[in-house]
There are 2 protein chains.
Amino acid sequence: MPVEFENVVTTSAAKQIADTLRAAIMDGRLQEDERLPTEEELAQRFKVSRPTVREALKRLAAQHLIRSRRGPTGGNFVASPAPEDAALSLANATTLMVAAGAIQLDDMATARLELEGICCRLAATARTDAQLEAMRAELARQRDVSLTDEEFCASDVRFHRALVDAAGNSLLSFLMHAVVEALQPVSNMIIFRVRERQAIVAFHERILGALESRDAEAGVAALGDLVAYTRDRYRDALDRRAERAG
Amino acid sequence: MPVEFENVVTTSAAKQIADTLRAAIMDGRLQEDERLPTEEELAQRFKVSRPTVREALKRLAAQHLIRSRRGPTGGNFVASPAPEDAALSLANATTLMVAAGAIQLDDMATARLELEGICCRLAATARTDAQLEAMRAELARQRDVSLTDEEFCASDVRFHRALVDAAGNSLLSFLMHAVVEALQPVSNMIIFRVRERQAIVAFHERILGALESRDAEAGVAALGDLVAYTRDRYRDALDRRAERAG
DNA sequence: AACCGACATTTGTCAAACGAATAAAAAGAT
DNA sequence: ATCTTTTTATTCGTTTGACAAATGTCGGTT
């Protein structure tokens with residue numbers, strides 16, 4: 001049975017079609033993995049040309065709402081929502097907002113402390129041995145002084161992702177992955193000396209130790225110190241930059 | 001001076017172009033409100049046809065990275081990131097993941113309690129009179145029994161948005177707006193009797209009162225009771241649905 | 001000086017076609 | 001008869017060329 005679309009024309013046709021299809025997906029009229037009509041068919045149904053339909057479809061593809069395949073069994077399919085894709089989009093958007101000043105770095109630091117604090121508390125009881133092992137592995141990597149700054153920061157991101165995953169909450173993992181990711185440019189800016197690395201590794205060790213002994217408050221305290229340290233180093237970096245400029 | 005784009009062909013041309021332009025925007029080579037080359041020009045530069053360029057541009061438009069205007073002074077412009085748009089996308093993605101079962105409702109309830117708890121604590125000290133007034137206004141609306149269920153749920157969403165805004169943290173507001181929005185379908189499911197409304201209004205009153213007297217823990221406690229109540233009512237709704245089905 | 005209309009520019013849309021990928025059907029070889 | 005290869009049909013991906021619609025600019029008219 002074909003799905004019916006109501007067609008209201010107020011903005012551009014392509015946008016309208018995208019919105020109509022998106023609404024159909026969002027409220028479940030189009031199920032996951034269901035195949036959409038062919039582009040030709042959609043063009044006829046919406047009374048527009050195929051390129052216009054394609055513009056609409058590409059909008060949806062950009063939001064990971066559909067995926068397409070060529071060939072006889074191909075077509076455009078409703079995509080199963082992939083948390084990684086959504087997290088990436090969220091991280092991108094957050095990065096842009098930080099860059100544009102819509103989100104202040106102080107807010108970011110506060111939010112990170114509070115949010116990761118929650119994860120820490122939950123993780124103190126929910127953490128599994130596998131997750132602890134993942135954090136230990138990253139910590140071991142971070143002690144290697146031959147690591148490049150990029151590699152160190154990447155490992156830092158993985159460590160924090162493991163921490164939030166240890167909370168065992170899918171929504172928190174999703175949100176925090178994006179927050180941690182969006183904060184990486186900031187980390188990249190402050191990690192520029194061995195001493196900073198050692199300090200950060202020490203904070204990580206305290207956090208890990210707290211989780212191992214299921215001591216939530218010790219973990220939160222360590223996290224607080226880490227964020228405070230990061231915030232200070234970031235301010236230093238800003239000052240140095242201002243000096244060089246002035 | 002024209003911006004240089006490196007062009008690597010591995011996937012489809014349109015996607016590649018979109019990724020190239022997105023990267024240019026993300027790392028600042030294209031500034032906010034800067035005008036992109038005309039579609040014709042981009043087509044020549046990337047050696048593809050204009051419809052292909054347009055598909056790429058529409059992908060970016062779907063992510064609110066560019067906006068377009070017709071006419072002589074028109075063109076495609078780098079869009080300033082609008083938190084509302086990003087929050088809407090995030091809410092959509094979250095809704096879909098909940099619908100697909102990628103996020104369990106228990107996780108959602110837990111996350112909401114913890115996250116909103118943070119906001120409550122922060123709001124206890126940061127809240128302004130204007131924000132309290134906004135919450136009072138929604139509360140007054142919610143006491144009106146002639147409200148439709150949709151209106152009540154919409155007011156519920158606004159109340160919680162005001163609560164998270166009262167925390168005075170832009171990143172938390174951004175994330176929580178999406179979470180609250182994504183939870184609305186759940187609320188829609190359980191709000192079906194006057195008694196439920198009265199109970200929820202009572203919880204809201206407790207939360208508001210706690211903020212007025214800057215009592216963070218009382219607010220968190222009220223919030224915990226609200227979430228527990230909501231969770232139970234949701235389980236009831238699921239049971240009833242299972243009964244009808246079986 | 002104020003208003004109005006032609007014009008240029010740019011995005012929005014259309015039409016028809018060819019290219020490319022893919023799986024199923026058909027043909028051929030063992 | 002079974003397996004392999006070829007063909008073929010279908011669908012998305014892209015091209016070309018054109019016209020429509022919006023919108024600022026400029027010149028002419030009142």
Side-chain angles (χ1 to χ4, degrees), chain A residues 2-3 5 7-22 24-25 30 33-80, chain B residues 2-3 5 7-22 24-25 30 33-80:
Chain A
V3 180
F5 306 114
N7 194 4
V8 184
V9 175
T10 45
T11 64
S12 86
K15 191 160 163 50
Q16 275 296 327
I17 294 170
D19 291 343
T20 304
L21 291 175
R22 180 172 20 249
I25 294 173
L30 288 171
D33 287 338
E34 187 174 339
R35 180 180 159 172
L36 301 183
T38 69
E39 297 178 352
E40 196 68 53
E41 210 170 328
L42 284 173
Q44 289 173 13
R45 204 181 295 190
F46 286 109
K47 302 196 200 309
V48 298
S49 67
R50 197 159 82 92
T52 302
V53 164
R54 280 181 61 78
E55 283 188 14
L57 292 175
K58 291 312 148 195
R59 292 178 111 104
L60 300 180
Q63 299 174 328
H64 305 111
L65 285 167
I66 62 169
R67 63 192 146 68
S68 57
R69 229 185 27 237
R70 286 196 271 209
T73 62
N76 292 286
F77 299 84
V78 178
S80 30
Chain B
V3 179
F5 306 113
N7 194 1
V8 184
V9 175
T10 46
T11 64
S12 86
K15 191 162 164 50
Q16 276 294 327
I17 294 169
D19 290 344
T20 303
L21 292 174
R22 177 170 25 246
I25 294 172
L30 288 172
D33 286 338
E34 186 175 339
R35 180 182 156 168
L36 301 183
T38 68
E39 298 177 351
E40 197 71 54
E41 210 170 326
L42 284 173
Q44 288 172 14
R45 202 179 298 190
F46 286 109
K47 302 195 201 307
V48 296
S49 66
R50 195 160 82 91
T52 301
V53 164
R54 280 181 62 77
E55 283 188 13
L57 292 174
K58 290 313 148 194
R59 292 179 110 104
L60 300 180
Q63 298 175 327
H64 304 112
L65 286 167
I66 63 170
R67 63 192 146 67
S68 56
R69 226 180 33 233
R70 286 197 271 207
T73 63
N76 292 287
F77 300 84
V78 179
S80 32

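All values derive from a computational prediction rather than experimental measurement. Naming convention: chains lettered A, B, ... in sequence-line order (proteins, then strands); numbering from 1 in each chain.
Using a 4.0 Å heavy-atom criterion, one finds that A:Arg54 contacts the bases of the nucleic acid, with or without backbone contacts as well. Backbone-only contact: B:Lys58 has heavy atoms under 4.0 Å from sugar-phosphate atoms and none from a base. Within the 4.0 angstrom heavy-atom criterion, no nucleotide atom of any strand lies near A:Arg67.
One interatomic measurement links the two molecules: CD1 of B:Ile17 to C1' of D:dT14, which rounds to 11 Å at whole-angstrom precision. In this structure, the CZ atom of B:Arg69 is 15 Å from the C1' atom of D:dA21, given to the nearest Å. Straight-line distance from the CD atom of A:Gln44 to the P atom of C:dA15: 11 Å, rounded to whole Å. Computed from coordinates, the B:Phe46 CZ to D:dT15 C1' distance equals 18 Å when rounded to whole Å. Regarding A:Glu55, its CD atom lies at a distance of 16 Å from the P atom of D:dC12, rounded to whole Å. For B:Arg70 and C:dT9, the CZ to C1' distance is 12 Å, given to the nearest whole Å. Distance, A:Gln16 CD to C:dG12 P: 14 Å, rounded to whole Å. If you measure from atom CD1 of A:Ile66 to atom P of D:dT11, you get 16 Å, rounded to the nearest angstrom.
Within the 3.5 Å criterion, the main-chain N or O of A:Gly74 finds no donor-acceptor partner in the side chain of A:Arg70. In this structure, B:Glu39 contributes its side chain and B:Val53 its backbone to no donor-acceptor pair below 3.5 Å.
For A:Thr52 and C:dC14, the shortest distance from a side-chain N or O to OP1 or OP2 is below 4.0 Å. Residue B:Asn76 places no side-chain N or O under 4.0 Å from the OP1 or OP2 atom of C:dT10. In this model, the phosphate group of D:dT11 is approached by a side-chain N or O of A:Arg35 to a distance below 4.0 Å at OP1 or OP2. Phosphate contact (OP1/OP2 of D:dG13, side-chain N/O of A:Ser68, threshold under 4.0 Å): present.
Checked by distance alone, B:Arg50 brings a side-chain donor or acceptor within 3.5 Å of a matching partner on the base of C:dT13.
Between B:Asn76 and B:Leu42, every side-chain heavy-atom pair lies at or beyond the 4.5 Å cut-off. For the pair B:Glu55/B:Ser49, no side-chain contact is recorded, criterion being any heavy-atom separation below 4.5 Å from C-beta on. Side-chain contact check for A:Arg22 versus A:Ile66: every heavy-atom pair is 4.5 Å or farther apart.
When each of A:Ser49 and A:Gly71 is assigned the nucleotide of DNA chain C with its nearest heavy atom, A:Ser49 is the one assigned upstream, toward the 5' end. Judged by closest nucleotide on DNA chain D, A:Gly75 is the one of A:Pro51 and A:Gly75 placed further toward the 5' end.
Side chain of B:Glu39, nearest nucleotide from C:dA24, D:dT14, C:dT11: C:dT11. The nucleotide whose nearest atom lies closest to any side-chain atom of B:Pro72 is, among C:dT9, D:dG13, D:dT10, C:dT9. Closest to the side chain of A:Thr38, from the set C:dT11, C:dA15, D:dC12, is D:dC12.
Scanning all heavy atoms of the two residues, the minimum distance from A:Ala43 to A:Arg50 falls at CB-N, 4.0 Å.
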